Amino acid sequence: MRQLKSITTLFVTLFLLGQLLTGCNPPGDTRTVPVQESTTATAKTWTIGMSQCNLGEPWRVQMNSDIKRAADALDNIQVIFKDAQNDTLKQRAHIEEFVSQGVDLLIISPKEAAPLTPPVAKAYQAGIPVIVLDRAVNGEEFTMFIGANNTNIGEAAGNWVNKTLEGKGKIVELKGLMTSIPGHDRHNGFMKGIEGSAIEIIFDADMQWLEPNARKEMESALARFEDIDLVYAHNDPGAHGAYLASKAADREKDIIFVGIDGLPHEGLAYVEQGILGATFEYPTGGAEAIEYSLKILAGETVPRHLTLSSRVYTKENLATGGEKIGGE
Ligand code: FRU
């Protein structure tokens with residue numbers, strides 16, 4: 001009996017030793033064996049969660065397609081897209097879902113700054129690298145911000161308007177969503193651009209980046225004011241909405257329309273057609289977001305802010321590719 005016991009002990013000891021040396025699980029054990037993680041960015045497929053605030057505007061569709069194109073060109077990046085349909089609460093939930101899903105990196109283009117700052121900070125604190133794209137959040141709790149300088153774009157628009165109107169005139173300002181940072185910056189920059197002139201903002205409204213709202217607001221402006229020289233809209237859909245309202249009132253020929261975004265099939269086409277006097281390019285940063293995601297995932301140090309440049313397009317310079325605006 002004692003002999004049998006010691007033979008059994010010997011077998012068990014040998015078996016366990018074998019397990020230790022080969023690293024195999026006992027037969028029937030369904031636990032997953034941790035695979036040796038590769039340390040290079042090229043060997044692993046990384047999963048990126050992309051939280052888009054809405055896909056109702058051509059510019060955001062372009063951003064997603066820029067991200068997709070850049071990611072598709074690489075074989076180690078997979079992007080999961082979520083569309084919050086312009087609903088801040090939905091976008092908060094999407095970020096939380098990405099965090100609990102354990103994505104390797106998060107890209108977010110937030111609808112609004114204040115309500116989306118805490119979930120972004122929480123993801124970052126949980127150790128997930130976060131790239132904030134185009135619309136900023138408050139504070140600095142993210143890995144990197146990528147976007148153009150909206151204050152510089154607003155100021156360039158103000159300078160252009162000042163020059164075009166020769167320092168005087170009555171204008172309508174159709175603002176982007178004022179709970180988002182680009183709306184503020186495009187307004188403040190513009191005010192700097194027209195500073196010291198006799199240009200007067202006779203009507204302003206928050207059209208929340210949306211063409212139908214811009215059209216409605218412009219109808220009110222047209223009903224109230226007989227003399228409007230120019231409309232400065234914070235994006236091209238807004239400028240186009242204002243144009244449509246003016247055309248319906250048969251007043252579009254008396255007014256100059258200025259917008260921001262400069263997409264080839266939107267703003268640039270409007271300039272070409274003579275609908276807009278000028279548009280200012282607002283790059284999506286989609287390709288850069290993937291370029292920098294790779295660097296972050298490979299453990300490289302990246303700048304906290306990457307400022308993208310912008311160009312102004314008018315009928316005169318469209319054929320020659322526009323003109324770079326000042327600032328950074
Ligand atoms: C699209 C958009 C653009 C604008 C940007 C600002 O949602 O409104 O037209 O330039 O967002 O964040």
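When a ligand or atom number is given, it counts from 1 through the structure's own listing order. Just so it is clear, the model here is predicted, and its values are computed rather than measured.
Distances below 4.0 Å separate heavy atoms of Pro182 from the following atoms of ligand 1: 12 (O). For ligand 1, the atoms closer than 4.0 angstrom to any heavy atom of Glu57 are 1 (C), 2 (C), 7 (O), 8 (O). Less than 4.0 angstrom separates some heavy atom of Asp261 from each of these atoms of ligand 1: 3 (C), 4 (C), 9 (O), 10 (O).
Residue-to-ligand polar distances keep Trp209 apart from ligand 1: every N/O pair is separated by 3.5 Å or more. No N or O atom of Tyr282 sits closer than 3.5 Å to an N or O atom of ligand 1.
Side-chain contact, Asp134 with Ser109: a donor N or O sits under 3.5 Å from an acceptor N or O.
At least one heavy atom of Arg186 sits closer than 4.0 Å to an atom of ligand 1. Heavy atoms of Ile260 come nearer than 4.0 angstrom to ligand 1 in no pair at all.
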Report, one line per pair, each donor and acceptor closer than 3.5 Å where one atom sits in a side chain of residues 256-278; sequence neighbours left out.
from, atom 1, to, atom 2, distance (Å)
Tyr270, OH, His240, ND1, 3.4

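Sorted by first and then second residue, the side-chain hydrogen bond (donor to acceptor under 3.5 Å, both in side chains) pairs with a member in residues 286-301 form an empty list; sequence neighbours excluded.
For the pair Asn317 and Tyr313, the tightest heavy-atom approach, listed with the atom from each and the gap, is OD1-CA, 3.3 Å.
Closest to atom 7 (O) of ligand 1 among all protein heavy atoms lies Arg60 NE, 2.5 Å.
Looking at Leu133, Ile77, Asp72 one by one, the single match for side-chain contact (heavy atoms from CB on, under 4.5 Å) with Ile67 turns out to be Leu133.
A salt bridge is absent between Glu281 and Arg311; no separation between the charged side-chain nitrogens and carboxylate oxygens falls under 4.0 Å.
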